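Below is one structure, written out as C-alpha cells; the observations come after it.
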Amino acid sequence: MITSKNQFLSKLPDVRTTIFTTVGKLARQHRALDLSQGFPNFDPDPKLLDLVTQAMAGGHNQYAAMQGHYDLREVISNKIEKLHGAKYDPEKEITVTVGATQAIFTAITAFVHQGDEVIVPKPAYDCYEPAIELNGGVPVFLQLEQKDFKIDWDAFRSKITSKTRMVIINTPHNPSGRIFSREDMLQLQESLRNTNIILVSDEVYEHIVFDGQEHQSASRFEDLASRSFVCASFGKTFHVTGWKMGYCAAPSELMHEFRKTHQFNVFSVDHPVQRAMATYLEDEQHYLGLNAFYQQKRDFFLHRLTRSRFKFKPSQGTYFQLLDYSEITLEGDVQLAKRLTIDHGLASIPMSVFNVDQRDDKVLRFCFAKTEDTLERATDILNTL
C-alpha cells in the first residue's frame with residue numbers, strides 16, 4: 001500500500017460509501033437474494049446483443065462523434081416527437097451520454113456556479129447532491145409528503161430564491177415508484193415560469209409506467225421544455241445497465257453549454273453499442289412493450305404478498321416497490337434491512353437513507369426486475385416475517 005503525504009481538503013468531506021455498495025457487499029457476504037440493486041437478473045434481448053456484435057465486426061470500433069452517432073440521435077428525436085409531441089434537432093439538441101448519471105452530472109457542472117442553489121425533492125437518488133456540491137452549489141431539499149410522496153407545491157415555491165439556479169426532478173420516481181401527474185408538471189411549469197431556473201428532468205424509467213397511466217415528460221410542456229435537460233437511460237430500458245448508455249435532450253442554447261463540458265469529460269460514448277441501439281430503436285415495440293412486461297412482474301410480486309404482514313400501494317412506475325413493515329416491527333429500517341440480509345438471506349434498501357434528516361417511515365425498497373424464481377423465493381421469505 002502506498003500512503004500519500006499530500007495535505008488536502010476533501011471536496012466531498014461528508015460523502016460516505018453509498019447504501020448500494022454497503023448493502024451489495026453485505027448481500028454477497030451472506031449469499032442473499034439481492035432485491036436491493038436496481039438492475040435485472042435476466043438477460044437482454046439476444047437481437048440487441050447480435051447487433052452490437054455486428055457493429056464491432058463491421059469495424060465501428062473507433063471514436064464515435066462527440067455528440068453521439070447521428071443515426072441514434074435521429075431515432076431518439078423521432079421517438080420523443082412521437083411520444084411527447086416535442087421536436088428536438090438531432091444535430092444540436094440531443095447528445096448521447098455514458099448513462100443518465102453522466103448526463104445529470106454534466107448538466108449540473110455546466111450551469112451551477114459557486115453559491116448557486118439547486119432544489120432537490122427528497123427522497124432522491126444519491127447522485128444529485130454530490131454533483132451539486134462538487135460544483136460549489138448548495139442543495140436545497142424539499143421533503144416529499146409521507147406515504148404518498150406528493151409534492152407540496154406551496155412548499156416548493158417557498159424554496160425558490162434569487163440564488164436558485166436549478167431544480168432536479170425524477171419521474172417515474174426512484175425510490176418511491178411514484179409518477180408525476182400532468183397536474184404536477186403544470187404546477188412545476190407555472191412555478192418556474194418567468195424565472196431563469198434550469199430544470200434537470202431525470203426520466204430514466206420513462207418506459208416503465210403502469211395501470212394505463214402515461215409518463216409526463218418535461219418535453220411535453222412548452223415552457224418546461226425550453227429550460228429542461230431531459231435525461232434518459234438505455235441501460236434501464238433494455239436491461240443492460242452495465243453498458244452505461246443514455247442520452248440527454250435540451251434546447252440548442254443549453255445543449256451548446258452542456259457539450260462544452262461533455263467533450264472534456266468523456267468526449268464520446270461506446271461506438272458499436274450506439275450503432276446497435278440506432279437499429280434496435282427502429283422497432284418501437286422494443287420499448288413500448290416494457291410497461292406490460294414490468295407490470296406483470298410487479299403484480300406477481302405483490303400477489304404473492306397479499307397474505308403477508310406488509311402494507312403497500314402498488315408502484316406507479318419504475319421497477320421498485322415499497323413495503324411498509326410498521327405492523328411487523330418497530331426497529332429502524334437500516335437495522336431491519338441488515339437483519340433481513342444476514343438472518344433471512346434477502347437484501348433490500350432502507351428508505352430513510354434517501355430522506356431529509358434520514359426520516360424513518362418504516363419502509364423498505366425492493367427491486368422486482370428479477371426472474372419469477374427469484375421473486376418467488378424472495379416473497380417466501382417476506383411472508384415468514
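What you see below is based on every heavy atom in this structure, not just the backbone, and it leaves out hydrogens, waters and symmetry mates. Keep in mind that what you see is a predicted model, and the values were worked out from it rather than measured.
- Salt bridge annotation for R309-E327: absent, with no cationic side-chain nitrogen under 4.0 angstrom from a carboxylate oxygen.
- A cation-pi contact, defined as under 6.0 Å to the ring centre and within 45° of the axis, links K79 to Y287.
- Applying the ring pair (Phe, Tyr, Trp, His ring centres under 6.0 Å) test to every pair with at least one member in residues 64-100, sequence neighbours left out, gives these pairs: H84-H215.
- Dense packing is recorded around CD of Q285, with more than 12 heavy atoms of other residues, nucleotides or ligands lying under 6.0 Å away.
- Within the 3.5 Å criterion, the main-chain N or O of L192 finds a donor-acceptor partner in the side chain of R227.
- Side-chain atoms of S352 and D333 include a donor-acceptor pair closer than 3.5 Å.
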How far apart are the C-alpha atoms of K244 and T101, what are their side-chain angles, what is the distance that settles it, and do they pass the side chain to side chain contact (heavy atoms under 4.5 Å, CB included) test?
CA-CA 9 Å; K244 295 298 295 179; T101 300; 4.0 Å; yes
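- Under the 4.5 Å side-chain heavy-atom criterion for ILVMFWY residues, a single connected hydrophobic cluster contains both F354 and V167.
- A salt bridge does not link K47 with D50: every distance from a Lys NZ or Arg NE/NH1/NH2 to an Asp or Glu carboxylate oxygen is 4.0 Å or more.
- Atoms CD1 and CG, from I349 and D34 in turn, are 8.0 Å apart once rounded to the nearest 0.5 Å.
- Distance alone, capped at 3.5 Å, is enough to place a donor-acceptor pair between the T237 side chain and the S233 backbone.
- Not less than 6.0 angstrom separates the ring centroid of F234 from the ring centroid of Y280.
- A donor-acceptor pair is defined here as one N or O able to donate and one able to accept, closer than 3.5 Å; such a pair exists between the side chain of R165 and the backbone of N196.
- Within the structure, the ring pair (Phe, Tyr, Trp, His ring centres under 6.0 Å) test picks out the following pairs touching residues 147-188 (sequence neighbours left out): W153-F156.
- Contact annotation: the side chain of H344 approaches that of L385 to within less than 4.5 Å [non-hydrogen atoms, C-beta and beyond].
- Listed for the Q321 side chain is a donor-acceptor partner under 3.5 Å among the backbone atoms of S315.
- Note: the hydrophobic cluster containing M351 does not contain I179 (ILVMFWY, side chain heavy atoms under 4.5 Å, direct or indirect links).
- For the pair R220 and E214, the salt-bridge criterion is met [side-chain N within less than 4.0 Å of a carboxylate O].
- For the atom pair CZ (F310) and CD1 (I328), the distance works out to 4.0 Å, reported to the nearest 0.5 Å.
- Without hydrogens or angle criteria, N41 side chain to T371 main chain gives a donor-acceptor distance under 3.5 Å.
- Residue R275 holds its CZ atom at 4.0 Å from NE2 of H60, rounded to the nearest 0.5 Å.
- For the pair E203 (side chain) and A218 (backbone), a donor-acceptor distance under 3.5 Å is present.
- Taking the six-membered ring for Trp and the full ring otherwise, Y319 and Y205 have centroids separated by under 6.0 Å.
- For V138, the side chain to side chain contact (heavy atoms under 4.5 Å, CB included) criterion is met by E117, not counting sequence neighbours.
- Aromatic ring centres of F42 and F293 lie closer together than 6.0 Å.
- Checked for salt-bridge contact, R298 and D211 meet the test: a charged N lies under 4.0 Å from a carboxylate O.
- Atom CD of E91 is separated from atom CZ of R73 by 5.0 Å, given to the nearest 0.5 angstrom.
- With contacts defined as side-chain heavy-atom distances shorter than 4.5 Å, the pair Y128/V118 does not qualify.
- Using a 4.5 Å heavy-atom cutoff, the side chains of L302 and F368 are not in contact.
- Under a 3.5 Å cut-off, the side chain of Q37 and the backbone N or O of F20 do form a donor-acceptor pair.
- Of the possible donor and acceptor atoms, none in the side chain of S228 sits under 3.5 Å from a partner among the backbone N and O of V230.
- By the 30° and 60° cut-offs, the orientation of the rings of F366 relative to F301 is tilted.
- Looking at D380, its side chain never comes within 3.5 Å of a backbone N or O of R377 through a donor-acceptor pair.
- For the atom pair OG1 of T171 and CD of Q316, the computed distance is 8.5 Å after rounding to the nearest 0.5 Å.
- V98 is connected to Y247 through a chain of hydrophobic side-chain contacts under 4.5 Å among Ile, Leu, Val, Met, Phe, Trp and Tyr, so both are in one cluster.
- Judged purely by atom type and a 3.5 angstrom limit, D324 uses its side chain to pair as donor or acceptor with the backbone of S326.
- When hydrophobic clusters are built by joining Ile, Leu, Val, Met, Phe, Trp and Tyr residues whose side-chain heavy atoms come closer than 4.5 Å, directly or via intermediates, V112 is grouped together with I197.
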Go through V266 and H262 one step at a time and tell me if the side chain to side chain contact (heavy atoms under 4.5 Å, CB included) criterion holds.
CA-CA 6 Å; V266 298; H262 174 79; 3.3 Å; yes
